[in-house]
Asks: 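Sharing a structure with you now.
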Amino acid sequence: MQSSKKPRSETSRHCLGVGQPERFRGCKGRVAHAHIRGGRRAKSRFMVCIMSGARSKLALFLCGCYVVALGAHTGEESVAEHHEAEYYVAAVYEHPSILSPNPVALISRQEALELMNQNLDIYEQQVMTAAQKGVQIIVFPEDGIHGFNFTRTSIYPFLDFMPSPQVVGWNPCLEPRRFNDTEVLQRLSCMAIKGDMFLVANLGTKQPCHSSDPGCPNDGRYQFNTNVVFSNKGTLVDRYRKHNLYFEAAFDVPLNVDHITFDTPFAGRFGIFTCFDILFFDPAVRLLRDHKVKHVVYPTAWMNQLPLLAAIEIQKAFAVAFGINVLAANVHHPVLGMTGSGIHTPLESFWYHDMENPEGHLIIAQVAKNPVGLTGAGNATGETDPSHTKFLKILSGDPYCEKDAQEVHCDEATKWNMNASPTFHSEMMYDNFTLVPVWGKEGYLHVCSNGLCCYLLYERPTLSEELYALGVFDGLHTVHGTYYIQVCALVRCGGLGFGTCGQEITEATGIFKFHLWGNFSTSYIFPLFLTSGMTLEVPDQLGWEKDHYFLRKSGLSSGLVTAALYGRLYERD
């Protein structure tokens with residue numbers, strides 16, 4: 001089966017292992033097939049997706065229980081060796097974790113281990129499946145072993161003691177009696193050896209502290225949300241303690257931010273962080289100042305929230321924005337809106353999103369050791385695109401428009417007239433966006449808020465019975481986290497009324513050819529791009545032009561749900 005551009009899915013809410021009390025019991029998954037051919041999306045209750053934003057030499061095999069992307073067989077040994085030298089094989093597992101029926105209840109260490117071993121049994125099965133496919137690194141999700149919704153006291157039996165890998169060299173599988181309360185670490189270490197692969201997992205850890213330590217909690221210990229990395233020999237390579245907690249009363253924030261990278265013999269340097277961290281400068285962005293970091297492993301427990309922060313949407317945007325590979329593993333609890341995992345490169349993605357099926361899902365793919373970034377990749381084609389020529393002429397004419405969006409006055413030298421559309425306000429992602437409707441088969445729109453002005457130049461081959469809007473927000477987001485954002489967003493509204501713009505929807509039929517741009521005050525801009533059925537899209541081109549950041553796209557294969565430029569001004573948090 002050949003690589004195709006678009007696939008299929010179901011629905012979506014926002015980040016982490018904090019949710020309502022409903023519980024889901026995990027299982028190992030079924031085998032089914034979702035074939036994708038010739039650019040057409042297969043009908044399926046669930047979504048198993050391959051997306052290619054550039055030329056691909058990968059032949060793809062899809063299975064409902066796992067996805068494998070393997071090199072095309074040519075029969076030429078030299079080509080195969082060259083291909084192997086350029087790629088490594090990675091896996092991520094979306095895990096339907098078996099949860100405690102009463103996470104606030106106090107239980108024994110033995111009872112906690114019995115529950116965690118059920119999840120670890122599933123992990124081990126996935127490792128052995130991955131090993132048969134030649135996987136060199138596997139990533140498991142946040143909260144996948146112990147669960148969530150604990151109190152500080154009730155989580156204690158679930159915590160392993162964690163020595164510092166910078167201080168202590170340790171192989172838990174080969175030295176199981178060196179430290180007490182390390183049963184989970186021992187099992188993970190042995191899995192890495194058994195599968196002969198690097199293994200990344202998340203667990204709760206504890207670290208005793210003394211009353212002389214001014215930061216030491218009253219109970220005499222630190223409790224951390226911790227990612228661990230094991231080598232294929234079972235050695236504890238490093239650990240990362242989550243810095244940006246998301247309503248996690250059971251855990252402490254480390255006194256100092258962990259900026260953790262680790263080197264591998266098969267792909268060079270990786271960075272690591274967890275879930276909500278992806279929205280903040282530390283540690284996520286600072287890690288990438290090390291230019292040797294070309295890959296990120298990312299355990300998450302993300303509750304999807306559309307239209308701007310679905311799990312696969314932000315994972316892909318991070319990969320594109322920084323020109324890196326992201327290996328993202330989410331937990332799978334559809335009743336809590338928790339799904340969405342993927343192996344993302346700037347130009348290609350292998351992802352899974354399913355709001356109906358309760359079963360787990362393993363994704364396996366060949367990943368380029370040196371990812372090719374998207375920014376500037378479309379310059380050559382852009383020069384021959386009439387719409388891009390028009391966009392460049394608009395910018396070169398400097399059509400400065402006053403921020404009275406009711407009536408726009410531009411420089412007389414500009415030949416391009418903006419559409420006169422009414423402005424309105426609607427809540428999107430708990431923020432008060434200013435929007436204008438997108439009417440007609442073509443147009444040129446603009447809308448402003450505070451210092452940010454957003455522009456849209458668009459063409460539509462046919463009109464659909466849907467309302468689209470261009471929205472802008474420039475301000476401090478204060479719900480479920482506090483952080484400053486600048487957003488330009490083209491979205492499909494939930495209905496035909498202005499008040500429905502910003503609602504969560506996953507299906508659309510409107511096809512657009514467009515340029516979206518704005519005068520952003522930050523260089524940290526994430527391109528969010530979804531089409532119908534939770535399908536990821538790759539922009540044709542991204543970049544700066546005359547102090548404006550733009551996204552260009554033509555040739556959508558399915559209806560547009562969201563196209564947005566999501567800017568972060570970290571210094572204003």
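Throughout, numbering of the chain's residues begins at 1 and tracks the sequence. The shown structure was predicted, so the numbers you read here are calculated from the model rather than taken from an experiment.
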Asks: Does a donor on one side chain and an acceptor on the other come within less than 3.5 Å for Thr274 and Asn202?
Replies: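 No donor-acceptor contact under 3.5 Å links the two side chains.
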Asks: Hey, are Asp277 and Tyr240 close enough side-chain-wise for a donor-acceptor pair under 3.5 Å?
Replies: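 The criterion, which ignores hydrogens and geometry beyond distance, is satisfied for Asp277 and Tyr240.
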Asks: Just to verify, what does Arg286 make a side-chain hydrogen bond (donor to acceptor under 3.5 Å, both in side chains) with, not counting sequence neighbours?
Replies: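 In terms of side-chain hydrogen bond (donor to acceptor under 3.5 Å, both in side chains), with neighbours along the sequence ignored, Arg286 is linked to Asp282.
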Asks: How about Tyr430 and His480: are their ring centres within less than 6.0 Å of each other?
Replies: yes
Asks: Let's go through Ile98 and Ile122 carefully: what are the C-alpha distance in whole Å and the side-chain angles of both, what is the deciding distance for side chain to side chain contact (heavy atoms under 4.5 Å, CB included) to 0.1 Å, and is it a yes or a no?
Replies: CA-CA 10 Å; Ile98 300 169; Ile122 299 172; 4.2 Å; yes
Asks: Using distance alone, with no hydrogens and no angle criterion, decide if Ser558 and Ser532 have a side-chain donor and acceptor under 3.5 Å apart.
Replies: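 No, no side-chain donor-acceptor contact under 3.5 Å.
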Asks: So, Arg187 and Asn117: side-chain donor and acceptor under 3.5 Å apart, yes or no?
Replies: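 A donor-acceptor contact under 3.5 Å links the two side chains.
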Asks: Does a donor on one side chain and an acceptor on the other come within less than 3.5 Å for Thr339 and Asp354?
Replies: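 There is no such pair (donor and acceptor under 3.5 Å, judged by atom type) between the side chains of Thr339 and Asp354.
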Asks: Mind telling me whether Phe318 and Phe526 have parallel, tilted or perpendicular rings, with 30° and 60° as the class edges?
Replies: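 Correct class here is parallel.
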Asks: Relative to each other, are the rings of Phe158 and Phe150 parallel, tilted or perpendicular (30° and 60° limits)?
Replies: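 Answer is tilted, since the angle falls between 30° and 60°.
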Asks: Between His344 and Ser349, do the side chains contain an N or O donor and an N or O acceptor separated by less than 3.5 Å?
Replies: yes
Asks: Is it possible for you to check whether Arg568 lies under 6.0 Å from the centre of the six-membered ring of Tyr524, through NZ or CZ, and within 45° of that ring's axis?
Replies: no
Asks: More than 12 foreign heavy atoms under 6.0 Å from NZ of Lys194: is that the case here?
Replies: no
Asks: For Ser97 and His333, which I'm curious about, is there any donor-acceptor pair between the side chains at under 3.5 Å?
Replies: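 Side chains of Ser97 and His333: pair found under 3.5 Å.
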Asks: Does the gap between the ring centers of Phe251 and Phe224 come in under 6.0 Å?
Replies: no
Asks: State yes or no: are the ring centers of Phe198 and Phe230 separated by less than 6.0 Å?
Replies: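 Between Phe230 and Phe198, which both carry aromatic rings, the centre distance is not below 6.0 Å.
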Asks: Can you list the residues that meet the side-chain hydrogen bond (donor to acceptor under 3.5 Å, both in side chains) rule with His295, with sequence neighbours excluded?
Replies: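 For His295, the residues satisfying side-chain hydrogen bond (donor to acceptor under 3.5 Å, both in side chains) (neighbours in sequence not counted) are Tyr88, Asn325.
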